[in-house]
Each structure stands twice: as structure tokens, then as C-alpha cells.
Amino acid sequence: MSSSIARFEWARDLEAKGDLAGAADVLSQTVELKPDYGAAWFALGALREKLADREGAIAAFEQARTCDPEDRHGASLRLVRLGARAMAAMPEGYVRTLFDGYAISFDSALRQGLAYRAPELMLRAVEASGAPMKFAAALDLGCGTGLGGIAFRPFLRFAGRYRPVAGDDRSGAE
């Protein structure tokens, strides 16, 4: 592990233990050693903001943006909150990173936390229509979760074989 990564982890540990000033000090040393470490600049900005050092937070978030032109951490959003930048659309890199990180737990959050039942409700509606529950093909529009395909899969048997569900994820993600 490189010394800058070790220092970054040390700072995170200090922050978790409540030593915000100590964590900020270690991160300041970290970015001195590795000035292009965007995640460290972002973390330093967050700590300075918690420590009520607005100008220091702004400087760190600006540096985080310089190191990460895609703004995957959302430094520009922090700058808006601090009044250092005008309101604008969320950076695409930040949104992509946010959703990529959330993808792992999205299905369970959707179903358990939000009681998402759209696929089951759609299945009940089709059953209630009286249509035969045997399909040669299916298209799941907005299939971001794939849960619609799971609900209808038992009825996609054609010529003795299960057929795949064609999906079109409307999120625009590549």
C-alpha cells in the first residue's frame, strides 16, 4: 500500500473516532505528498467544512475538481452548497458513480425499503385480463432492475424452452 493511501485510510480512521482536526491534518500532509489525489482533496474539503473552515473547504473542493475533471465525488455540488459556484446540473461523472455504487443494493432497497411491486401488479393485471398466460416473447421496457422479467419468466415457455425477456433500460446508461 502506498504511503498516500495509508495516510488517507489513517485520516478516515481518525475521523471515525471523532478527531476531525487530526484527520484534516493528516489529509493536508497526504495532498502535499500527492497533489493529484482527488479523493483526498475531496475528503479534506468535507472535513474542513465540518470544522467550519469555509474558505479551506472551498479551496480543497476546487482542487478536487481540478484533479477529477469528471467530478465523480461531487465536489462541484459542495461548492454550490458553500456558495462558491452557481447552481448547475449535477456532474454526469458524479451521477454515474452514485448509481454504480448503489446498483449492488438497489433491488433490495427498491423492494424492501420502498415496497416496489410494479412487476407483481403488472402480472396480476395481465392475469385478470383473461389472456392465456403463455408468451412466445416479452419486452420489458424500463428494465433497469430486471424484476419484470423475473415475474413473467414462468410464462415465457415456447416450444418446450424458456425464452429470454428482451429488455430496454430507459436510463440511458451505456
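All values below come from the heavy atoms of this structure, side chains included, with hydrogens, waters and symmetry mates left out.
- Residue E92 places its CD atom among 12 or fewer non-hydrogen atoms of other residues, nucleotides or ligands, all under 6.0 Å distant.
- In this structure the side chain of H73 never reaches within 4.5 angstrom of the side chain of R78, judged on heavy atoms.
- A salt bridge is defined here as a Lys NZ or Arg NE, NH1 or NH2 lying under 4.0 Å from an Asp or Glu carboxylate O, and R111 with E120 meets this definition.
- With contacts defined as side-chain heavy-atom distances shorter than 4.5 Å, the pair V126/M133 qualifies.
- Clustering ILVMFWY residues whenever any of their side-chain heavy atoms sit less than 4.5 angstrom apart, transitively, puts I150 in the very cluster that holds L110.
- Looking at D71, its side chain does come within 3.5 Å of a backbone N or O of S76 through a donor-acceptor pair.
- Distance CG/D13 to NZ/K17: 4.0 Å, rounded to 0.5 Å.
- For the pair A24 and L47, the tightest heavy-atom approach, listed with the atom from each and the gap, is N-CD1, 3.7 Å.
- Atom OG1 in T66 sits 13.5 Å away from atom CZ in F61 (nearest 0.5 Å).
- More than 12 heavy atoms of other residues, nucleotides or ligands sit less than 6.0 Å from atom CG of L114.
- Considering all non-hydrogen atoms of both residues, L44 and S28 come closest at CD1-OG, 3.8 Å.
- Of all heavy-atom pairs between V31 and A40, the closest is CG1-CB, 3.7 Å.
- Panel note: side chain R48, backbone G56; a donor-acceptor pair is recorded below 3.5 Å.
- Annotation: side chain to side chain contact (heavy atoms under 4.5 Å, CB included) contacts of A84 (sequence neighbours excluded): I58, L79.
- Note: D53 CG to L20 CG = 12.5 Å, rounded to the nearest 0.5 Å.
- Under the 4.0 Å criterion applied to side-chain N and carboxylate O atoms, R96 and E70 are assigned as salt-bridge partners.
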**Request:** Check step by step if side chain to side chain contact (heavy atoms under 4.5 Å, CB included) holds for R117 and M122.
**Result:** CA-CA 9 Å; R117 307 178 308 131; M122 287 296 295; over 6 Å; no
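- Separation of atoms CZ (F135) and CZ (R153) is listed at 14.5 Å; rounding is to 0.5 Å.
- F8 and Y37 have tilted rings, their planes meeting at an angle from 30° to 60° on a 0 to 90° scale.
- For the atom pair OG1 of T30 and CD of E32, the computed distance is 9.0 Å after rounding to the nearest 0.5 Å.
- Heavy-atom minimum distance, A11 versus V26: CB-CG1, 3.9 Å.
- Judged by distance alone, with hydrogens and angles left aside, the side-chain atoms of R7 form no donor-acceptor pair with the main-chain N or O of L27 at under 3.5 Å.
- Across A151 and L123, no two heavy atoms sit closer than the pair O-CD2, 3.7 Å.
- Transitive grouping of hydrophobic side chains (ILVMFWY, heavy atoms separated by less than 4.5 Å) brings L147 and F106 into a common cluster.
- Note that CD of E49 and CG of L82 are 4.5 Å apart. Values are rounded to the nearest 0.5 Å.
- In the hydrophobic cluster analysis, where Ile, Leu, Val, Met, Phe, Trp and Tyr join through side-chain heavy atoms closer than 4.5 angstrom, M87 is grouped apart from L77.
- Every pair tested for ring-ring contact (aromatic ring centres under 6.0 Å, His included) that includes a residue from residues 75-94 fails, sequence neighbours excluded, so the list is empty.
- Legend: residues meeting side chain to side chain contact (heavy atoms under 4.5 Å, CB included) with A64, ordered by chain and number and at least two apart, are W41, F42, A75.
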